[in-house]
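Position 1 is the first residue of the sequence, and the numbers go up from there.
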Amino acid sequence: MATDDLIVGLDIGTTKVCVIIGQIGEQGGLEITGVGITPSRGLRRGVVINIDATVKSIAAAVEEAEMMSGREVQDVYAGIAGGHIESVNSRGVVAVTGKKREIGQDDIDRVKEAAGAIVIPMDREVLHVITQEYVVDGQAGIRSPLGMTGVRLEAEVHIVTGAVSSAQNIIRCVNRSGFKVSDIVLEPLASARSVLTDDEKELGVLLVDLGGGTTDVLVHIEGSPYHTEVLAVGGDHVTSDLSIMLRTPNEAAEQVKRDAGCCYLPMLDEPDAETSIPGVGGRPPRIITRRELCEIIQPRMSEMLGSVKAQIERAGYLSRLAGGVVITGGGSLLPGTEELASEIFGLPARIGYPARLGGLVEEYHSPIFATGVGLVQYGAAHLGVEQLNMDTSEAGFTSVWARMRKWFGEFF
C-alpha cells in the first residue's frame with residue numbers, strides 16, 4: 001500500500017473486476033474513497049482461463065479506483081472462488097501443558113494446529129482454518145479459553161481448501177498487473193463480513209452470493225461458518241437461456257434481462273407490458289411480453305436456488321437457519337429474487353447490501369460490491385481498526401497466511 005492507512009479489496013469475478021479502496025480516517029474509522037469496476041474477460045466460472053485478459057481488467061479497475069481516490073495502490077486483498085472450493089469441519093484435541101493447568105496461547109496454537117491437520121491431495125491447499133468453538137474438559141461453546149483452567153482442550157474448526165493452481169494464477173495476475181497480494185480471502189467469507197449482521201450469524205443464516213459465473217454459499221451458525229461451497233452456476237446462465245430462447249446475442253439478452261426481467265411472476269404488475277428484442281443479421285426486432293420473459297428467467301433462477309437448498313438440506317443445516325436467507329451479488333438485483341428465495345427455502349429472505357462505512361456511500365452501496373467491501377473490512381480487521389465488529393470466529397485466519405506465503409514462495 002502507498003501508506004499504512006490504505007486498504008484495497010480486489011474482487012476478480014467472472015463478469016466484472018471490482019476494486020474498492022478503503023482508508024482509515026482521522027477518527028480511526030474506515031472510509032471508502034475509491035471504487036473501480038470493469039468487465040472481466042479472463043475468467044470462466046470463477047477460475048482464471050486467460051491471464052493476459054485478466055491482467056488488463058485488473059489494471060483498468062485499479063486505475064479507475066485510483067483516479068477516484070487520488071491514492072496509489074500497491075497491495076491488495078484478493079478474493080478467490082470457483083467450483084474447486086471445498087470445505088470440511090474438523091476437531092483437534094490436546095492436553096493442557098500450562099502451569100497449574102492454565103490454558104495459555106501455546107495450548108491454543110497447538111489445538112488449532114491439531115484440528116487443521118487434515119489429509120488433502122497434493123494439488124490442493126488449505127486457504128482458511130476458522131475456529132468455531134473450543135471445548136474445555138467437555139464444556140462446549142467457549143469462544144476464548146485463554147486463562148481458563150482445564151486438562152483437555154478441544155477445538156472445532158472450519159477448513160476451506162482450494163486448488164493450488166487457481167490461487168497461483170490469481171497471484172500471478174495481480175503481480176503482472178504491478179501489485180502485490182496482501183492476502184487471499186474466500187469470497188463468500190468476505191461477502192458475509194460485509195452484509196450479515198451479528199444477530200443473523202448467531203441465529204443461523206444462509207448467505208447466497210449470486211455472481212455471473214458462480215453462486216457462493218455460506219452457512220453461519222452460532223456466529224461461526226459451518227458450511228461453504230461454490231456452485232459453478234450464476235447469472236450468466238440466465239442470460240444464456242434468454243439468448244437461446246429469444247434468438248438474440250448475449251449482450252442484447254443481458255440488456256433485456258436488466259431492463260425488463262423479473263424472476264417471480266406474482267411480482268409483475270403489468271405482465272402484458274411489451275419489450276423489444278433486437279434482431280440478428282438485419283432482421284427486425286421482436287416483441288415479447290414481460291410475462292413471457294419471466295417464464296424463461298424464473299425456471300433457471302428456481303433451479304439455481306433449488307440446488308443451493310438441496311446442498312444445505314443434505315448437509316443438515318436447513319432446519320437451523322432461524323436468521324433466514326440473505327441474497328447478495330449482482331444476481332440479487334433481478335426483481336423478484338427476494339420473494340422467489342423466500343418461497344423456495346420457506347424462510348424469510350432479504351437482499352444483502354454492504355455495510356455503510358462512510359466515504360463514497362452511494363458509489364458502493366450495492367450488492368454488486370458486497371465482496372469488494374468485505375475484502376476491505378477483512379484487511380482493516382487485520383490492521384486492528386476498532387470500529388469493525390470482529391467476530392471471535394475470525395481468529396483462525398491469523399496464522400494461515402504465514403503458511404501460504406511460504407507455499408507461494410516455492411513458486412514465485
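Residues Lys16 and Ser40 bring no donor and acceptor atom of their side chains to less than 3.5 Å of each other. Checking Asn250 against Ser243 by side-chain atom types alone, a donor-acceptor pair falls below 3.5 Å. Donor-acceptor pairing under 3.5 Å is recorded for the side chains of Thr228 and Ser87. Counted by atom type alone, Arg41 and Ser57 present zero donor-acceptor pairs between their side chains at under 3.5 Å. Judged by distance alone, the side chains of His84 and Glu86 never bring a donor and an acceptor atom under 3.5 Å apart.
Between Arg143 and Glu202, at least one side-chain N (NZ, or NE/NH1/NH2) sits under 4.0 Å from a carboxylate O, which counts as a salt bridge. A salt bridge is defined here as a Lys NZ or Arg NE, NH1 or NH2 lying under 4.0 Å from an Asp or Glu carboxylate O, and Arg152 with Asp137 fails to meet this definition. A salt bridge is defined here as a Lys NZ or Arg NE, NH1 or NH2 lying under 4.0 Å from an Asp or Glu carboxylate O, and Glu254 with Arg258 meets this definition. Using a cutoff of 4.0 Å between basic side-chain nitrogens and carboxylate oxygens, Glu200 and Arg350 are scored as salt-bridged.
Residues meeting the side-chain hydrogen bond (donor to acceptor under 3.5 Å, both in side chains) test with Tyr317, sequence neighbours left out: Asn89. Annotation: side-chain hydrogen bond (donor to acceptor under 3.5 Å, both in side chains) contacts of Thr371 (sequence neighbours excluded): Ser191, Asp209.
The CG atom of Leu218 sits 9.0 Å away from atom NE2 of His227, with the distance rounded to the nearest 0.5 Å. Taking CD of Glu125 as the reference point, atom CD of Gln168 lies at 10.0 Å (rounded to 0.5 Å). Interatomic distance, OH of Tyr134 versus CD1 of Ile108, reported as 5.5 Å (0.5 Å rounding). The structure places CG of Leu321 at 7.0 Å from CD1 of Ile312, a figure rounded to the nearest 0.5 Å. Going from atom CZ of Arg71 over to atom CD1 of Ile21 covers 8.5 Å, rounded to the nearest 0.5 Å. Distance CD/Glu363 to OG1/Thr33: 11.5 Å, rounded to 0.5 Å.
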- Decide yes or no on salt bridge (Lys or Arg N to Asp or Glu O under 4.0 Å) for Lys180 and Asp75, but give the supporting numbers first. CA-CA 5 Å; Lys180 296 180 180 179; Asp75 297 345; 5.6 Å; no

- Item | Stepwise side chain to side chain contact (heavy atoms under 4.5 Å, CB included) check, Val157 with Ile130 | CA-CA 5 Å; Val157 299; Ile130 310 168; over 6 Å; no

- Task: Take Glu113 and Arg110, measure what salt bridge (Lys or Arg N to Asp or Glu O under 4.0 Å) needs, and give me the verdict at the end.
- Result: CA-CA 5 Å; Glu113 183 177 355; Arg110 284 192 301 113; over 6 Å; no

- Item | Derivation of the side chain to side chain contact (heavy atoms under 4.5 Å, CB included) call for Leu10 and Ile58 | CA-CA 8 Å; Leu10 173 62; Ile58 293 172; 4.2 Å; yes

- Yes or no on side chain to side chain contact (heavy atoms under 4.5 Å, CB included) for Ile170 and Ile12, after CA distance, side-chain angles and deciding distance? CA-CA 8 Å; Ile170 288 175; Ile12 309 174; 4.2 Å; yes

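Around the CD atom of Gln105, the shell of radius 6.0 Å holds more than 12 heavy atoms that belong to other residues, nucleotides or ligands. Residue Phe179 qualifies as enclosed at atom CZ: its count of foreign heavy atoms under 6.0 Å is above 12. Enclosure of atom CD in Glu295 by more than 12 non-hydrogen atoms of other residues, nucleotides or ligands within 6.0 angstrom is indicated. Atom CE of Met68 sits in a crowded spot, with more than 12 heavy atoms from other residues, nucleotides or ligands closer than 6.0 Å.
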Please output the side-chain donor-acceptor pairs of residues 337-346 that fall under 3.5 Å, not counting sequence neighbours, one pair per line with the distance.
unit_1, atom_1, unit_2, atom_2, d
Thr337, OG1, Leu334, O, 2.6
Ser342, OG, Leu347, O, 3.0
Glu343, OE1, Tyr264, OH, 2.7

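Using a 4.5 Å cut-off on side-chain heavy atoms (C-beta onward), Leu357 and Gln377 make contact. Residues Arg290 and Asp269 are in side-chain contact: their nearest non-hydrogen atoms beyond the backbone lie under 4.5 Å apart.
Side-chain N or O atoms of Ser69 include none that pairs as donor or acceptor with a backbone N or O of Gly34 at under 3.5 Å.
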